[in-house]
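Data block below; observations after.
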There are 2 protein chains.
Amino acid sequence: MSVRIKDIAERVNRSITTVSRALNGYDDVSPETKQLILKTAKEMGYSPNTFAQRLQKQQSDTIGLILPTFSPRFSDPYFSELLAGIGNKAADLGFDLLVSTRSPGPEENETYEKLIDGRRVDGFIVVRTRKQDQRINYLLSRGFPFVAFGRTDDCDRFSYVDEDGYFGMQLIAEYIAGLKHEKIACILPPQDLAFSEKRLAGLQAGLAEFDLTLREEYIREGDLTQKSGYQLGGELLDLPDRPTAIVACNDLMAFGVMSAAQDRGLVVGEDVSITGFDDIPMSEYSYPPLTTVHQPVYQIGGMVCEMLIRQICEEIQDLQQVLLKPELIIRQSCRSYT
Amino acid sequence: MSVRIKDIAERVNRSITTVSRALNGYDDVSPETKQLILKTAKEMGYSPNTFAQRLQKQQSDTIGLILPTFSPRFSDPYFSELLAGIGNKAADLGFDLLVSTRSPGPEENETYEKLIDGRRVDGFIVVRTRKQDQRINYLLSRGFPFVAFGRTDDCDRFSYVDEDGYFGMQLIAEYIAGLKHEKIACILPPQDLAFSEKRLAGLQAGLAEFDLTLREEYIREGDLTQKSGYQLGGELLDLPDRPTAIVACNDLMAFGVMSAAQDRGLVVGEDVSITGFDDIPMSEYSYPPLTTVHQPVYQIGGMVCEMLIRQICEEIQDLQQVLLKPELIIRQSCRSYT
DNA sequence: AGTATAAACCAAAACGTTTTGGATGTCAAC
DNA sequence: GTTGACATCCAAAACGTTTTGGTTTATACT
C-alpha cells in the first residue's frame, strides 16, 4: 500500500540504515547518495509511519489537554480561545494535541491515568486549577511532566502560568471605589477553583484601601455561566438595600447580571455599575460595553504550551512560574455613584 | 522501566503469545492460565503500549478535528460545545481525538495531508463546510474516511449531518412576517460558507409566502462574530428608512445587533425586533432573551463522531445523510409591528 | 611499506505488540 | 491401536522505524 523505507532502499540499492540516516540528515552518507535518496523518497511519495517512529523513539510528540466540562452544554468562548492558543503553538513546535473532555471527578482522573499508562502523551496542560487539585497531585505523584494554567493552594512544586487575579481585582476595586460606590456586591467563581479566593482577596484588599468592606449579604457564588450571573445578579438586585455596583468574576456572569438589571428596568452604567473579568472579545460589543480586566488567553495558551514542550525536551528542568499583571479595561458599564 | 508482555510471560512461565491472547480474551487459553495471567498483569501494573498496538494493528483509533479559526482571537461558544459533543462520544467509543486549529487556507490543507500521510488518524470530522470545500474535495480524492457537519454545493458523495437551515430560516421568516413586519433586514454569514445561501433562500421563501421580499439594501454579510453584528447592525439601523426587524444568521451576531440598537436608544423587542440562530445557552439570558432557532450542537457533535467511527470500523459503508429539523424558540426579542 | 584517519556504508537488534501456522497432549469413538 | 476432534500452548514473523556497533575502502602521514 504505502511506501516504506525498505522500498526506497531497494530502489536505490542501499541499506535501510543508509536511507534512514539520509532522511534524518546524518552526515555519514555521501552527498550524492543523500541527494538520490531524498529525490527517490519524494518521487515515491514517502512519508514515515508516525507510530513506528514513536514506538522506536519512545516518545509520543503529543501533549494532552483534558478540558473540564462543567455542564453538559459546555459553551464557553474563553476555552475556544485558549484551545486555539495551545493548538497553534503545539503545531508550530511539531507536537500533536490530544484533547479530551471530561467533567471533574473520578472519570477525569482515570483519563489522565489512561493516557499516561498507554504512553500516549508526553505531558499535560492542566487548566482551571482547583485549590486542592487532584489532577495535579496525581501528576506530581507520578512525576509526569505538565504545566498548569493557574495556581493551587500549594504550587511551589510545579510550573505554571497565571494571571494575577489578586492584582486584577484590586484594580477593579480601586476603580469602583474611586467612583464612590459603597454598596458593592460580588459574584464569585465556584469556591473550589483556585482563582476564586485570590479574586475575592484582591477585591477586599482594594476596597480596604478606601476603608470599605464587602458585606456578607452581597457575596454570591456562581458557576461562571451567563445563566448563573443572571440568577444571582437578580437576587442581589432584589435585595431590599440593593448594591449600586456588582463585580462579577468573569465576563459571562457579568453579561448575565446586565440582563438581570435590564430586566428590572435599570440602566447599566447609570443605575447600576457592573464589571467583568477576562475581556473576551464579546465584551467590547455588549450593551453597554463592559468594563473588565484583560487576560491574554490566546497568548497564555501559547506560553503554557511552549513551557511544557521545553520541559519535555529537557531544555528546561527548573520550575517556571509566570504571573501576568492584568490590565483594567474601562468601558461604559460603570459610572460614579451620586 | 514499564512492564511489557514479555515480563508477564516470564513470570507466569508461558509464551508471549499466550499472554497476549489471554489479555485479549481469546478462548484458546485455559481458564486457569487466563486467570493467572490477568491477575499477574494487574499485580505488575501492566498496560499495553499504545503505539506498539497501533503499529501492529495498522490503525490509529484516533479521529482528527481541524478547527477553522477565522480570527486570531478564536472565541466561539458554539465550537466549545461541539467539541464537547465530539470528544465525549469519541471517548465513549474508545477513540482519541486529535485537535488542530488552523485558519482556512493552504496551511489548513497541509495539516490534513500531514495527518493522513503520517497515518496518525483514521478519519476526520469536517466542520463549518464551505460551498466549494477544498478539504472535502481533498479527502474525497484520497478516499479517506470523514463525516461532515454541514453540506456543500455538491454533497451526494459523502456522509454528513446538517441542520435544515432553509427550514429554520423559513420558520423565522414566517414568525417575523406573521408579526406584520415588512421592512426586514438580514445579516448573512460569509458567502463562502455552505449554510449562507441556504439560510438566505429559506428566509426569502418564508417571506414570499407573505408576498414579501428582502430589499437589496437590507442585506449584509457578517463574519459571525458579535463585533460584526454590532457594526453591520449599526449600519442597518442608521439607514434613512431603517428596518423594523433584523434577522441575524447566528446568535453572536444577533447580540451585536442588539447592542447596536440599544446604543441608538432603541428598545429591542419594542422598537426593533431581532432574531438569531443556534440557540447557544447565552441566548436565554441576554436582554431581552433572544428569539432564535435551536440547533442541538452537542448532540450533533456526538452523531457526527459516531457516524465516522462506524464508517471507520466498516459497520457502515453506504452514505449516511442526516438533516435535522430545527425548532423555533420564541423569546422576547421580537414584537408585532404596529 | 606500514599505520592511522576518515568517509561511506550496512547487518542486526531493538521498540512492544498481534497474528499466523503450527505442535503437543488428551480423550472418545471406532 | 488407530483416528479424529479438541484444548492448550508456542516460535517466529510481522508492523516500520532508529540505533548500535561494526566493516570496507580510500587517503594521508610517517
Side-chain angles (χ1 to χ4, degrees), chain A residues 1-38 40-41 44-62 94 96 114-122, chain B residues 1-38 40-41 44-62 94 96 114-122:
Chain A
M1 184 98 204
S2 56
V3 187
R4 284 127 49 229
I5 281 193
K6 198 182 166 194
D7 301 317
I8 302 177
E10 280 165 10
R11 179 105 135 225
V12 299
N13 258 324
R14 292 295 131 93
S15 73
I16 288 182
T17 308
T18 301
V19 175
S20 170
R21 308 217 104 212
L23 256 17
N24 287 294
Y26 284 78
D27 59 1
D28 59 353
V29 182
S30 79
E32 304 84 51
T33 310
K34 186 170 181 171
Q35 208 54 37
L36 175 65
I37 289 174
L38 257 28
T40 316
M44 299 176 79
Y46 170 75
S47 76
N49 181 307
T50 316
F51 294 129
Q53 287 182 317
R54 291 180 179 173
L55 173 59
Q56 160 63 35
K57 291 226 193 114
Q58 293 288 82
Q59 54 174 355
S60 66
D61 289 339
T62 301
D96 282 347
K114 247 193 287 186
L115 290 180
I116 297 178
D117 286 341
R119 297 157 201 84
R120 274 191 282 195
V121 300
D122 292 332
Chain B
M1 184 99 206
S2 55
V3 186
R4 285 126 50 228
I5 281 194
K6 199 181 165 197
D7 301 318
I8 302 177
E10 279 165 11
R11 178 106 137 222
V12 299
N13 259 325
R14 293 295 130 94
S15 73
I16 288 183
T17 308
T18 301
V19 175
S20 171
R21 309 217 102 213
L23 255 18
N24 288 294
Y26 285 78
D27 58 2
D28 59 352
V29 181
S30 79
E32 303 83 52
T33 310
K34 187 169 179 171
Q35 208 53 37
L36 175 65
I37 289 175
L38 258 28
T40 318
M44 300 178 76
Y46 170 75
S47 75
N49 181 307
T50 317
F51 294 129
Q53 288 181 315
R54 290 180 179 174
L55 173 59
Q56 160 63 34
K57 291 224 193 119
Q58 292 288 82
Q59 52 173 359
S60 65
D61 289 340
T62 302
D96 281 348
K114 245 191 288 184
L115 291 180
I116 297 179
D117 287 342
R119 298 157 200 86
R120 273 189 283 195
V121 299
D122 291 331

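Side chains included, hydrogens not; waters and symmetry mates left out as well; all remaining heavy atoms used. Sequence lines set the chain letters: A, B, ... in the order given, protein chains first and strands last, and positions in each chain run from 1. No experiment lies behind these values; they were computed from the predicted model shown.
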Review item, nucleotides 5-9 of chain C N/O atoms under 3.5 Å of protein N/O:
{"unit_1": "C:dC9", "atom_1": "OP1", "unit_2": "A:R14", "atom_2": "NH1", "d": "3.1"}
{"unit_1": "C:dC9", "atom_1": "OP1", "unit_2": "A:T33", "atom_2": "OG1", "d": "3.1"}
{"unit_1": "C:dC9", "atom_1": "OP2", "unit_2": "A:S30", "atom_2": "N", "d": "3.0"}
{"unit_1": "C:dC9", "atom_1": "OP2", "unit_2": "A:S30", "atom_2": "OG", "d": "3.3"}
{"unit_1": "C:dC9", "atom_1": "OP2", "unit_2": "A:T33", "atom_2": "OG1", "d": "2.9"}
{"unit_1": "C:dC9", "atom_1": "N4", "unit_2": "A:D28", "atom_2": "OD2", "d": "3.3"}

*Please list all pairs passing the side chain to side chain donor-acceptor pair (under 3.5 Å) test where one or both residues lie in residues 47-58 of chain A, with sequence neighbours left out.*
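Those involving residues 47-58 of chain A are A:R54-A:D96.
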_Where chain A begins and ends its contact with DNA chain D, read 5' to 3' at 4.0 Å from heavy atoms_ =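 Listing 5' to 3', DNA chain D meets chain A from D:dG16 to D:dT20.
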*For residues 25-36 of chain A, which residue pairs qualify under salt bridge (charged side-chain N to carboxylate O under 4.0 Å, His left out), counting only residues two or more places apart or in two chains?*
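Matches after skipping sequence neighbours: A:R21-A:D28.
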*Is A:D7 close to A:Y46 at the side-chain level, that is, under 4.5 Å between some pair of heavy atoms?*
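They are not in contact (no side-chain heavy atoms under 4.5 Å apart), so the answer is no.
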_With sequence neighbours excluded, residues passing salt bridge (charged side-chain N to carboxylate O under 4.0 Å, His left out) with A:R119_ =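 For A:R119 there are no salt bridge (charged side-chain N to carboxylate O under 4.0 Å, His left out) partners, ignoring immediate neighbours.
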*With A:D61 via salt bridge (charged side-chain N to carboxylate O under 4.0 Å, His left out) - residues at least two apart*: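 Once residues adjacent in sequence are excluded, A:D61 has no partner under the salt bridge (charged side-chain N to carboxylate O under 4.0 Å, His left out) criterion.
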Kindly write out the residues that satisfy side-chain contact (heavy atoms from CB on, under 4.5 Å) with [X], not counting sequence neighbours, or none if the list is empty.
| X | value |
| --- | --- |
| A:K6 | A:R4, A:E10, A:I16 |
| B:N13 | none |
| B:T33 | B:R14, B:T18, B:V29, B:S30, B:I37 |
| B:L36 | B:V12, B:T40 |

*Got a sec, which residues hit side chain to side chain donor-acceptor pair (under 3.5 Å) with B:S60, two or more places apart in sequence or on another chain?*
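B:S60 satisfies side chain to side chain donor-acceptor pair (under 3.5 Å) with B:D122 only.
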_Bend angle of the helix from C:dA1-D:dT30 to C:dC30-D:dG1, end axes from five pairs each (to 10°)_ =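 Comparing the axis at each end, I get an angle of 60°.
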